[in-house]
Each structure stands twice: as C-alpha cells, then as structure tokens.
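Everything quoted here is computed from the prediction, not taken from an experiment. Each chain gets a letter, A, B and so on, in the order its sequence line appears, and its residues count up from 1.
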Number of protein chains: 2
Amino acid sequence: MLSKKTRYALKALVVLGKNFGGTPIQISKIATEEHIPKKFLEQILLDLRNAGLLFSKKGSGGGYGLVKDPADISVVQILRLTGGPVALLPCVSLNFYQKCDECVNEATCGVRDVFVEVRDATVKILSETSIADLIQREKNLISSFG
Amino acid sequence: MLSKKTRYALKALVVLGKNFGGTPIQISKIATEEHIPKKFLEQILLDLRNAGLLFSKKGSGGGYGLVKDPADISVVQILRLTGGPVALLPCVSLNFYQKCDECVNEATCGVRDVFVEVRDATVKILSETSIADLIQREKNLISSFG
DNA sequence: AAAAAAGTCTACTTAATCTATATACATTGT
DNA sequence: ACAATGTATATAGATTAAGTAGACTTTTTT
C-alpha cells in the first residue's frame with residue numbers, strides 16, 4: 001500500500017498542476033480542499049520543494065507552485081520521492097533494494113522472479129503516467145459520469 | 001510491500017509443492033531450510049490449513065502437505081489468504097476495499113484511476129502464476145546460472 | 001500404558017513505522 | 001510594524017507487523 005504521505009503528495013500535485021503557471025496556492029487551501037491535515041501537508045510540500053519539484057513563496061500572497069510542467073512529472077517519481085514502495089518485495093526494488101533476510105538464494109528464487117515481473121508492469125504504467133495525465137483522467141471521469 | 005507472513009507462506013508452499021504426493025513435511029524442517037521463525041511459521045501453516053489448502057498430520061511422522069495440485073494454487077490466492085495487499089490504494093482493492101478517508105470524490109479521482117490499472121496488471125500476473133510455476137521458474141533460474 | 005513426536009490454539013510482547021501535532025523561527029508584503 | 005505565510009525540528013500517539021510463550025491435543029512407537 002502507498003503511504004498517506006504519497007497519497008497526499010499526489011493529490012496536492014494534482015491541485016498544483018491544475019494551477020500551473022498561475023499564482024501560488026496556499027498550503028491551507030490545499031489542505032482544506034483535499035481533506036489533508038495541514039501540518040502534515042506542510043512537511044510533504046516542503047520535501048517536494050527540496051526535491052526541486054515545487055517553488056515556494058513566503059509571506060502574504062505566498063504559497064506553492066509547480067516548477068516544471070505537470071506533463072513532465074511522472075507518478076513513479078513521486079512515489080520514490082515520498083518513500084513509497086513500488087516493488088512488493090524489498091529484494092526486487094530498484095531504488096530501495098534490500099536483501100530478504102530469510103532468503104537462501106536470491107538469484108534462483110522463483111517468488112522473486114514473479115515479483116520482478118509485477119514490478120516491471122507497475123513501473124511501466126506509473127512512469128508513463130504524469131501529473132497532467134492524472135488531471136486528464138479526472139476530466140474524462142467527470143465527463144463520463146461526474 | 002508484502003508482509004513477511006505472505007512471503008513465508010509462499011516459500012513454504014514452494015517447499016510443499018515440490019513434495020506434492022509425498023509424505024508430510026514437518027514445520028521445523030521447513031523453518032530450518034527456509035530460515036523462517038518456527039513459531040511464526042506454525043501460525044501461517046495453520047491458517048493455510050484452515051483455509052483448506054493444506055492437510056496436516058499429528059504425531060510421529062506427521063507434518064504438512066498440499067491438498068491440491070500446486071498447479072491449481074495461484075499466487076494471488078495466497079496473498080489474499082495471508083492478508084497481503086494486492087492493490088496499492090485501499091479504495092482500489094477488490095477484496096479489502098476501504099474508502100480513502102480524505103477522498104472528495106472517488107468516482108472521479110484520477111489518482112485512483114491509475115491505480116486501478118496497476119492493480120489489474122498485478123492481479124493478471126499473480127493469478128496466472130501458480131505454485132507450480134514458481135517451482136518451474138526456480139528450476140529455470142538454476143539451470144541458467146545456478 | 002507411557003513416552004515421545006508432532007501439530008493446535010490463544011494470548012502476549014516487542015518493535016517498528018506511519019501519522020499527526022506542537023513549537024519556535026524566518027521571510028515577505030502591505 | 002504587523003500579519004500572513006512558509007521552514008524546520010522534535011515529539012507524541014496510533015497502528016500494525018513480527019515474533020514469542022506456553023499449555024493442550026492427537027498420533028505413533030515402544
């Protein structure tokens with residue numbers, strides 16, 4: 001499962017993506033709209049800022065905005081930034097690899113072999129999907145039965 | 001990430017699958033071979049037995065064995081039995097659905113929409129893979145560089 | 001019948017980590 | 001100067017996973 005941190009990050013980025021090019025949006029606005037605890041969201045946006053994804057502006061009229069075009073930010077990138085696990089097994093993770101401590105022989109493990117496949121399928125989808133795509137999907141869903 | 005319970009279950013089933021049709025295997029043997037804490041493994045195998053996947057025999061010469069052919073047991077089934085999450089979001093899970101408490105409108109959520117796709121891809125792979133396939137994969141890996 | 005070899009069952013404990021909150025500080029705009 | 005806003009770090013609280021303990025039951029062997 002994704003952590004709430006990852007979920008909140010994605011939702012916040014969707015909000016910011018819709019506003020790309022406009023004036024900064026305040027944390028509290030996003031928190032209220034998306035039902036995210038404000039203090040928690042502060043930390044998350046700060047992380048995204050320190051990772052170079054967001055710019056921030058302090059003081060009155062301040063807030064956050066996207067640095068890059070939402071079409072150039074992939075979902076998988078956000079999972080990794082927020083520490084969300086993509087792989088279902090530690091020994092299969094590309095970015096957070098860890099040996100399974102019970103494992104007798106990783107190289108010949110059939111279980112691992114399947115979960116490599118699962119990881120590849122997941123990474124494919126999530127790296128081909130951008131924040132802009134999330135916004136588009138939302139629009140499509142709204143027009144189809146919103 | 002899969003829980004250790006799920007991982008241990010899969011590894012134990014591979015051992016039992018190799019032995020399908022033979023005499024029962026003791027918990028302690030599996031625990032030793034696969035580096036799984038014995039007491040923990042006891043609980044797991046008991047669950048699998050209560051789910052009808054394994055039979056058990058008490059007393060001297062006792063142990064566990066598979067009830068069904070390993071080719072008829074899918075990996076996804078084991079994940080579900082051992083409570084492992086297949087979906088990456090609770091609102092996307094087929095068997096353990098839960099509303100995301102922050103979610104404003106699930107039906108039009110773009111984030112959810114992508115993770116439905118990820119879930120489908122994952123379920124496809126894991127439902128097409130059986131315990132027998134895991135064993136076969138292991139053999140293939142051994143012959144290719146074991 | 002007794003003893004030994006397994007599995008069964010329930011409860012408890014520990015440890016980790018995720019989630020959230022609190023507090024003090026820094027910067028900007030009016 | 002003051003209010004609005006983000007920055008940073010620390011800590012508390014909640015939840016769950018992981019593992020452990022111990023007494024019990026059934027079966028086989030002697």
Quiz item: Start at the 5' end of DNA chain D and walk down; is the nucleotide closest to Gly83(B) or to Gly62(A) reached first?
Solution: Gly62(A)
Practice problem: Determine, for Arg112(B) against Glu106(B), whether the closest basic-nitrogen to carboxylate-oxygen distance falls under 4.0 angstrom. | Solution: yes
Practice problem: Using a strict cut-off of less than 4.0 Å between a Lys/Arg side-chain nitrogen and an Asp/Glu carboxylate oxygen, indicate whether Glu138(A) and Lys18(A) qualify as a salt bridge. | Solution: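 The answer is yes: the pair qualifies as a salt bridge.
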Report the nucleotide, chosen from [options], that has the shortest atom-to-atom distance to any side-chain atom of [X].
X: Ser60(A); options: dG6(D), dA4(D), dA8(D); result: dA4(D)
X: Asn50(A); options: dT20(D), dT26(D), dA8(D); result: dA8(D)
X: Tyr64(A); options: dG6(D), dA6(C), dT19(C); result: dG6(D)
X: Lys4(B); options: dG19(D), dA20(C), dA23(D); result: dG19(D)
X: Lys58(B); options: dG19(D), dC9(C), dT26(D); result: dT26(D)

Using OP1 and OP2 only, check whether a side-chain N or O of [X] sits under 4.0 Å from [N].
X: Lys57(B); N: dT28(D); answer: yes
X: Ser56(A); N: dT5(D); answer: no
X: Tyr8(B); N: dA18(D); answer: no
X: Arg49(A); N: dT7(D); answer: yes

Quiz item: How close do Asp133(B) and Thr129(B) get, heavy atom to heavy atom, and via which atoms?
Solution: OD2-CA, 3.5 Å
Could you state the [atom1]-[atom2] distance from [X] to [N], rounded to the nearest angstrom?
X: Leu48(B); N: dG7(C); atom1: CG; atom2: P; answer: 14 Å
X: His35(A); N: dT19(C); atom1: NE2; atom2: C1'; answer: 18 Å
X: Gln26(A); N: dT7(D); atom1: CD; atom2: P; answer: 13 Å
X: Met1(B); N: dT17(C); atom1: CE; atom2: P; answer: 12 Å
X: Asp47(B); N: dC9(C); atom1: CG; atom2: C1'; answer: 11 Å
X: Glu42(A); N: dC25(C); atom1: CD; atom2: C1'; answer: 13 Å
X: Ile27(B); N: dT27(D); atom1: CD1; atom2: C1'; answer: 15 Å
X: Leu46(A); N: dC25(C); atom1: CG; atom2: C1'; answer: 13 Å

Quiz item: Under 3.5 Å, is there a donor-acceptor pair linking the side chains of Gln136(B) and Asn140(B)?
Solution: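 Yes, Asn140(B) and Gln136(B) have a side-chain donor paired with an acceptor closer than 3.5 Å.
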Self-check item: Base of dT19(C) paired with side chain of Lys39(A) (donor-acceptor, under 3.5 Å)
Solution: no
Practice problem: Assess whether one donor atom and one acceptor atom, taken from the side chain of Gln43(B) and the base of dT20(D), lie less than 3.5 Å apart. | Solution: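 Yes, a donor-acceptor pair under 3.5 Å.
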Quiz item: More 5' along DNA chain C: Gly61(B) or Asp101(B), using each one's nearest nucleotide?
Solution: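 Looking at the nearest nucleotide for each, Gly61(B) comes out on the 5' side.
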Exercise. Walk me through it: do Val14(A) and Leu10(A) pass the test side-chain contact (heavy atoms from CB on, under 4.5 Å)?
Key: CA-CA 6 Å; Val14(A) 166; Leu10(A) 288 171; 5.7 Å; no
Quiz item: Does Arg49(B) reach the main-chain N or O of Ser56(B) with its side chain, forming a donor-acceptor pair under 3.5 Å?
Solution: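 Checked: no pair found.
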